[in-house]
Amino acid sequence: MSSFRKALKSRQKNHHERSQPGFRKQLGLLEKKKDYKLRADDYHKKQNTLAALRKKALEKNPDEFYFKMISSPLQDGVHVIKKTKEVEEVTEEQKKMMRTQDINYVEMKRVAEVKKIERLKGELHLLDAESKPKNKHTFFVDSKKEVHSFNLADHLNTAPELVDRVYNRPTLETLETKRIQGAVDPRALGKLAKQRKHQYKILSQRIDREKKMFVISQKIQTRKDLQDKCKKVKVKKETTSTSAIYKFEAKRKR
């Protein structure tokens, strides 16, 4: 019974490690065994890493080749990988718009731009648009002599001043029977041409703005779709003109 009483943990004394002696207090806390163990493990880990690197350097094949060496130039005896110029994914304007505006607002503004573009196209008819492809009208004749003596105004039966027009080109019979409506004075025609050019410039600006709005709405929608907890794989990276393309795992709807 006495031996059992001696073995009770409640009667055992707690183990205390020796503290730093008073005359060595200026050296700081006395290192305990657990501190020494951590320091020793770290030292041995570093020594093993250095030994492994020395072995790898000794066993390296000097004639070793890999295809990355072709695209990486040699600088001071070391191959340096060229930094590829990364394509800017999002412009500062798009970042600001996506942070402050919601997709509903962006889509509303885009639809408004589309309506304005359609109205401008209906007014201008794209008659003198620079982006419009030039039509080619080929005339066929029977001999080379007719080619040299060919007169376009006579063939189209119109005045020589109206040959260069692609629209509103009346024939001589029409000019004899009806009056030409609209501006005829060269100064007035120049003013109208200047106004028409300005309208085309506004139209091109609105088309560019509508394209930017469409890209912003697509990027906002993509970020919303990414919040769904489902497996996805990026197929195409995001650029300034297109949003990123992801392939989502197909889920069966119940």
Side-chain angles (χ1 to χ4, degrees), residues 41-42 45-46 48-57 59-122 124 126 129-133 200-254:
D41 290 343
D42 182 62
K45 183 179 178 182
K46 291 176 181 177
N48 294 335
T49 303
L50 290 172
L53 290 173
R54 289 193 193 97
K55 184 179 179 183
K56 188 176 180 180
E59 295 177 353
K60 183 181 178 182
N61 182 10
D63 299 327
E64 183 182 1
F65 171 80
Y66 55 98
F67 286 97
K68 199 72 175 178
M69 291 178 177
I70 299 173
S71 59
S72 57
L74 201 65
Q75 294 181 2
D76 299 330
V78 180
H79 286 278
V80 181
I81 299 174
K82 292 181 181 178
K83 292 183 179 179
T84 56
K85 188 178 179 182
E86 295 183 358
V87 181
E88 189 181 5
E89 295 181 354
V90 187
T91 60
E92 292 297 326
E93 182 184 358
Q94 291 175 351
K95 287 180 183 177
K96 185 177 179 182
M97 181 70 76
M98 286 189 289
R99 281 195 298 264
T100 55
Q101 307 295 348
D102 189 50
I103 187 171
N104 294 328
Y105 173 79
V106 175
E107 195 63 23
M108 181 190 70
K109 298 294 286 183
R110 191 187 71 81
V111 172
E113 289 292 335
V114 170
K115 290 181 179 178
K116 291 176 182 177
I117 289 168
E118 293 298 328
R119 190 179 72 248
L120 278 171
K121 282 183 178 180
L124 296 172
L126 296 177
E130 294 179 359
S131 59
K132 184 180 178 181
Y200 281 125
K201 185 178 179 181
I202 293 174
L203 177 62
S204 64
Q205 289 175 352
R206 291 198 178 278
I207 290 172
D208 292 339
R209 194 178 299 121
E210 189 273 331
K211 289 179 180 178
K212 290 178 181 177
M213 289 286 183
F214 178 76
V215 172
I216 290 170
S217 64
Q218 289 291 315
K219 289 185 177 182
I220 296 174
Q221 186 62 44
T222 303
R223 280 160 173 73
K224 284 190 174 183
D225 294 338
L226 290 176
Q227 295 177 358
D228 296 338
K229 293 182 179 179
C230 61
K231 292 182 179 180
K232 47 195 169 287
V233 179
K234 183 183 280 189
V235 179
K236 189 177 179 182
K237 289 179 68 176
E238 188 178 65
T239 61
T240 54
S241 57
T242 57
S243 62
I245 299 175
Y246 289 86
K247 186 177 181 181
F248 292 85
E249 183 185 16
K251 286 188 176 180
R252 185 176 180 181
K253 293 183 179 180
R254 296 180 180 178

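Just so you know, these numbers use all the heavy atoms, side chains as well, and skip hydrogens, waters and symmetry mates. When a residue number appears, it is its place in the shown sequence, counting from 1.
Here the side chains of Lys232 and Lys247 are not in contact, with every heavy-atom distance at 4.5 Å or above. The closest side-chain heavy-atom distance from Lys55 to Glu59 is below 4.5 Å. Counting heavy atoms from C-beta outward, Arg54 and Leu50 have side chains that approach closer than 4.5 Å. In this structure the side chain of Asp225 never reaches within 4.5 angstrom of the side chain of Tyr246, judged on heavy atoms. By the 4.5 Å heavy-atom criterion applied to side chains, Thr222 and Ser243 are counted as neighbours. Annotation: side chain of Leu120 is in contact with side chain of Arg206 (closest heavy-atom distance under 4.5 Å).
Of all heavy-atom pairs spanning Val215 and Ser241, the tightest one is CG2-O, 3.2 Å. Of all non-hydrogen atoms in Lys219 and Thr239, the two that sit nearest each other are NZ-O, 2.8 Å.
No option in Glu107, Arg110, Gln218 other than Arg110 meets the side chain to side chain contact (heavy atoms under 4.5 Å, CB included) test with Met213.
No more than 12 heavy-atom neighbours from other residues, nucleotides or ligands sit within 6.0 angstrom of CG on Asp76.
From Leu226, atom CG reaches atom CD of Gln221 across 10.0 Å, with rounding to the nearest 0.5 Å. From Ile245, atom CD1 reaches atom NZ of Lys237 across 13.5 Å, with rounding to the nearest 0.5 Å. The NZ atom of Lys109 sits 14.0 Å away from the CG atom of Asn104 when rounded to the nearest 0.5 Å. Within the model, atoms CD1 of Ile117 and CZ of Arg209 stand 8.5 Å from one another, a figure rounded to the nearest 0.5 Å.
Electrostatic pairing of Lys212 and Asp208 does not count as a salt bridge here, judged by no charged N lying under 4.0 Å from a carboxylate O.
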Side chain to side chain contact (heavy atoms under 4.5 Å, CB included) between Asp41 and Lys45, worked out: CA-CA 6 Å; Asp41 290 343; Lys45 183 179 178 182; over 6 Å; no
Derivation and outcome, side chain to side chain contact (heavy atoms under 4.5 Å, CB included), residues Thr242 and Glu238: CA-CA 6 Å; Thr242 57; Glu238 188 178 65; over 6 Å; no
